[in-house]
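Shown next, in structure tokens, is the structure this report addresses.
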Amino acid sequence: MATREPSLPPPGTPPAPEPAAAPGAPESEAGETYVSVTYFDILKHFSLMGYIGFGGPAAHIGLFQRYFVERYKWMSEQVFAELFALGQCLPGPTSTQVSFAMGTVKKGVLGGLMSGALFQYPGAIVMTVVGAGAAKWLTDPPGWLEGIVMGLSAVGVALVASATKGMLMKLCNTNVTAIVGTLAAAAAIYWTEPWLYPLCIVIGFIVTNITDRKVDKTLKGSDGGVESLGFGMLGGGILIGLWMAVLIAVLVLARTKYKDGDGPLNWFEVFYRIGSIIYGGGQVVLPMLLTDVVKTDAEGNELPNTWVTEQQFYAGLGAVQAMPGPLFNFSAYLGCIMAIKFKYPFILGAVLAWFGLFSPGVMLMFGVLPYWKKFRTWQIYRRGLTGMNAVGVGLILASVFKMTVDVYNLAPHKSAALCIALFAFTAVDELKIFEPIVVIGGALLGLLSWGAKMH
């Protein structure tokens, strides 16, 4: 039976208007084309990310969006927002998980391993070297080094602020998402409990499922640049099971055969356990690490067998905040100090602590990605995605305020630090100056403020 050709409108008839986008959804991406990348592309671009990723997870997410979504067209804004939300919903460092996911959706498992490793290794190597040889020096740093660190920290605040501004305009562009994001930011500023972040994400998911219950959120268009999901569903399930099996094994061993020990398995258990339950990134992981690695008595006095002293802990924290890459690279520094104290090779401590803290979140991201293709088409997920992203941006907004206060309080030249942050924000956000140049400029201005005694 012949099919009937659709009738054409009479000449001169105006074209039908495009359907309006759902409130809170990313802008229409109809007609967009997304590039296919090579392993060399991943090597080239993520090598740069590893050296300019100052400012913590908020700045990292903003850099990824600016480079890989807006500039290089690796994927759509919608896909990037979903990967960001997925990282927020899983325990572990969100920006690290997104870095692995971005390579995976373009070139599979090997691409994901490349993108994630290239993003992390500069900071990890530097913090390993610092932990192995400069921990004592950091407890009483010279004035010129304090000035450089101050300048780098101020630039980090500016990068976070610029990233947050762009994400607010895209993901909190309705009254509902603006309110959800603001309340999440306020909660994150006021409380630091580990349960807060998953609770906020669940609330955001519920709120927009209610407010958007009559909105059609059917996934339309192409795959948005997604070319691979890494492991298949069977492989993803095995990886999730492996994560759980390792967690159970180290928990049992650390509380039975190696109870109250100070050896490698005890170190790995602490970092792997924290990496498996942590939501919210560095702001939440730091107090948990402090409790486990700095051993004190009931009165708060450090015990002789403390793995790390409180002075060493905060000295390393100051160093990692001046480094590019994830704040979780702090684990490599702590691992070195612990290994040296208990007469083990420093590299053993760095590897166990670093892999212990990072591997749970990375394993879960690789494990969940194959299932993401299924549930990303569900209406309930797509309606809730709007709220989850609003919460994620709200948590990043909170980090802008908290980082600004922290940098100001710790800066040896407080007014100079604020001025450097202001200059850096204008340079990155308005003048679009290449980020590495801004980072170097911030360090030089910090050094100048020390030399000029700009108290």
Inter-residue atom distance [X].[atom1] - [Y].[atom2], 0.5 Å rounding:
X	Y	atom1	atom2	answer
Y381	F205	OH	CZ	9.0 Å
C89	M388	SG	CE	4.5 Å
E77	Q65	CD	CD	6.0 Å
L43	S115	CG	OG	11.0 Å
M363	L242	CE	CG	4.0 Å
T94	M365	OG1	CE	8.0 Å

Which atoms form the tightest heavy-atom contact between [X] and [Y], and what is the distance?
X	Y	value
V69	S76	CG1-C, 4.1 Å
A398	I189	CB-CG1, 3.7 Å
V320	P326	CG2-O, 4.4 Å

Please tell me if the side chains of [X] and [Y] come closer than 4.5 Å, counting only heavy atoms from C-beta onward.
X	Y	answer
M244	I248	yes
W307	N266	yes
T177	T174	yes
Q120	F358	yes
F271	I274	no
N329	W354	yes
S228	K106	no

Exactly one of V391, I61, L83, L395 clears side-chain contact (heavy atoms from CB on, under 4.5 Å) with Q88, and that residue is L395
Reference residue V226; test side-chain contact (heavy atoms from CB on, under 4.5 Å); the match among W74, W372, Y34: W372
Taking the six-membered ring for Trp, are the ring centroids of [X] and [Y] within less than 6.0 Å of each other?
X	Y	result
Y344	W267	yes
Y371	F231	no
Y72	H45	yes
F46	F68	yes

Go through I278 and F328 one step at a time and tell me if the side chain to side chain contact (heavy atoms under 4.5 Å, CB included) criterion holds. CA-CA 11 Å; I278 193 68; F328 278 36; 4.1 Å; yes
Before accepting this row, confirm whether a basic side-chain N of the pair [X]/[Y] lies closer than 4.0 Å to the acidic partner's carboxylate O.
X	Y	value
E82	R376	yes
K432	E70	no
R382	D212	no

For the pair [X] (side chain) and [Y] (backbone), establish whether a donor and an acceptor sit closer than 3.5 Å, ignoring hydrogens and angles.
X	Y	answer
D429	F425	no
Y272	W243	yes
N209	R383	no
H60	G53	yes

I'd like to know whether Q379 forms a side chain to side chain contact (heavy atoms under 4.5 Å, CB included) with D216, so could you lay out the CA-CA distance, the side-chain angles of the two residues, the decisive distance to 0.1 Å, and finally the verdict. CA-CA 8 Å; Q379 286 279 334; D216 181 14; 3.2 Å; yes
Parallel, tilted or perpendicular: ring planes of F366 versus F100, cut at 30 and 60 degrees: perpendicular
Under 3.5 Å, is there a donor on one side chain and an acceptor on the other for T211 and T208? no
Could you check whether R66 and S162, counting side-chain N and O atoms only, form a donor-acceptor pair closer than 3.5 Å? yes
Side chain to side chain contact (heavy atoms under 4.5 Å, CB included) between F64 and M49, intermediate numbers included: CA-CA 8 Å; F64 294 161; M49 294 296 106; 4.1 Å; yes
Under the side chain to side chain contact (heavy atoms under 4.5 Å, CB included) rule, what do D41 and K107 come out as? Steps first, then yes or no, please. CA-CA 10 Å; D41 292 325; K107 293 296 288 184; over 6 Å; no
Check against side-chain hydrogen bond (donor to acceptor under 3.5 Å, both in side chains), T96 and S99: CA-CA 5 Å; T96 297; S99 72; 5.2 Å; no
